[in-house]
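Data first, discussion second: the structure below is written as structure tokens.
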Amino acid sequence: MERLTIKEALKEDYIGQKITVCGWIRTRRESKGFVFIVLSDGSAQETMQLVISGVLSAKNYIHRCNTGAAIKATGVLRESPAKGQQYEMDVSDIEVFGESDQDLYPLQKKGHTFEFLREIGHLRARTNTFGAIFRIRNILADSVHQFFRERGFVWVHTPIITSGDCEGAGELFTVTSLDFSNLPRSGDASVDFSRDFFGRKTYLTVSGQLEAEFLAMSLGKVYTFGPTFRAENSNTTRHLSEFWMVEPEMAFADLSDDMKLAEDFIRFLCARVLEGGENELAFLEAHYKRISREEIRRLAETEFIHIPYTDAIRELQNAPVIFEFPVSWGSDLQSEHEKYLTDEVMKGPVIVTDYPKELKAFYMRMNDDGKTVAAMDVLAPRIGEIIGGSQREERLSVLKDRMREMRIPMESLQWYLDLRRFGSAPHAGFGLGFERLVQYLTGMVNIRDVIPCPRAPGNI
RNA sequence: UCCCGGGUAGCUCAGUCGGCAGAGCAGGUGGCUGUUAACCACCCUGUCGGGGGUUCGAAUCCCUCCCCGGGAGCCA
């Protein structure tokens, strides 16, 4: 089908030329001599105004051109004589591919609530807000690969089905092919997973980190970018049951290398989204006023503030505000504490480092003080934690001690310990919740609005 | 999972003390010579979330379940 996308067509080059565009009708306005149609095809934030006048408007098919209908329009592109758009098409021919019953089509010209749009997930991408979000999501996903490719990282594909029941990252979804109406039982009446598909109990992955570690310990610098699953019963604006995570892992790197990578990464993504998503960001900024291009530009240019956990606690204890949860060394930072640090004190992202070992996973490297580990969390304003990372414990005996302390079963992780037995080396990495980043940069309030098909408890 | 707030027309919401089910928008029809969430007139629209109870009478009061939103926890 010979046609231009609206993104391609809205250029000076085509003025005076006869072109064809396809798309879905956003709105139609009629007056006696004219019909105005706003057409969108998803290629850009901009829409094409179609002007139908005179003889053509009398043709009966124009009545089939309702909100939501898919059409092909051919005509001459010209500068618009009216305010509101730079160019418009003087339509000479229209073909209707698919009509849209106005009594049933749920999208109106007027704005809808996000709650309502979530109920019609298959149609919400046709709105200008969701079009903008999903195009920005694409720019960011593309930029993730670009960033790591430019720095010599290997994109590795870690498994989605795992046997790992000891990664300590929350509740897991069980994967099984057992017949639920006839479950095999062991002697004690529990389900006998040795007769399941893989011969043992399996789960959807909660993180590709452990696998990324063995790949980093052979390929040097690697990253994963793929779906991740948590069966936590979390009902918040910043959790999903299925989300995408970016997890770089570097051999011969320590915590400061890790932090530098995380910072460079976020700054790079900000710069790229400003470049490629200018119109989308401008639209979201104008409509929702949650984040500005100026703020993203600042983010792309400024160094993040680093603060050790111990200093952060002191800062919070001296804060001239009353927190609901008390602040004390050894307790985790609550949402309100994180928000105070990012929104009030630093007015931007903050990297908190060196948390008490009790608050963090078994694989994080023990610091010399014996009390804290080489961990770092990147906290973003409004959203909270978007990155969690650490230098990994490379010393076999220290790691084994930690696993015993935290009652991590060692049998199934012998391969992980092997990495410390054979050519162990300092290494570090982090995990970034991709949707949280999209959420932060688009200013969306609810994380369910930055992924096409959000998965959440009781909601599929 | 816990704590709040909600569920009334396709959408957003009002509905007083328990007494006839409402508005704006959308949609339909007509009008209007350039509209921008167009405008003007008329018309159409209901399992008041489900079930049970109190009452002469329930959208309204009580019980219960479901769903949605916000916050918290868990985390990315």
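A:Glu88 and A:Arg78 are joined by a salt bridge, as a carboxylate oxygen and a charged side-chain nitrogen come within less than 4.0 angstrom of each other.
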Evaluate salt bridge (charged side-chain N to carboxylate O under 4.0 Å, His left out) for A:Arg402 paired with A:Glu405, printing each intermediate quantity in order. CA-CA 5 Å; A:Arg402 283 294 288 149; A:Glu405 239 176 270; 3.0 Å; yes

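B:rA37: no Watson-Crick or G-U partner with both key distances under 3.5 Å is found in any strand. The partner of B:rU1 is B:rA72, by the rule that a Watson-Crick or G-U pair needs both atom distances under 3.5 Å.
Rounded to an integer number of Å, the gap from CZ of A:Phe36 to P of B:rC39 is 14 Å. Atoms CZ (A:Phe116) and C1' (B:rG69) sit 16 Å apart, rounded to a whole Å.
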Check the interface with nucleotides 64-68 of chain B: list each N/O to N/O pair with the protein under 3.5 Å, or write none.
residue, atom, partner, partner atom, Å
B:rC68, OP1, A:Asn459, ND2, 3.2

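Other residues, nucleotides and ligands contribute only 12 or fewer heavy atoms inside 6.0 Å of the CZ atom of A:Phe180.
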Taking protein heavy atoms under 4.0 Å as touching, what does nucleotides 45-51 of chain B look like 5' to 3' if B marks base contact, S marks sugar-phosphate-only contact and - marks none? -------

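Base contact: A:Pro81 has a heavy atom under 4.0 Å from a base atom.
Within the structure, the salt bridge (charged side-chain N to carboxylate O under 4.0 Å, His left out) test picks out the following pairs touching residues 253-264 of chain A (sequence neighbours left out): A:Lys260-A:Asp264, A:Glu263-A:Arg267, A:Asp264-A:Arg267.
Between A:Thr236 and the phosphate of B:rG70, there is no side-chain N or O to OP1/OP2 separation shorter than 4.0 Å.
The two residues A:Arg382 and A:Lys339 make their nearest non-hydrogen contact at O-CE, 3.4 Å. A:Leu172 and A:Leu204 make their closest contact through CD2-O, 4.1 Å (heavy atoms, listed as atom of the first residue, atom of the second, distance).
Annotation: cation-pi geometry not satisfied between A:Arg118 and A:Phe114 (NZ/CZ under 6.0 angstrom from ring centroid, within 45° of ring axis).
Residue A:Gln108 places a side-chain atom within donor-acceptor reach of the base of B:rG10, judged by atom type and a 3.5 Å distance cut-off alone.
A:Tyr223 pairs with exactly one of A:Glu247, A:His145, A:Arg149 by the side chain to side chain donor-acceptor pair (under 3.5 Å) rule, that one being A:His145.
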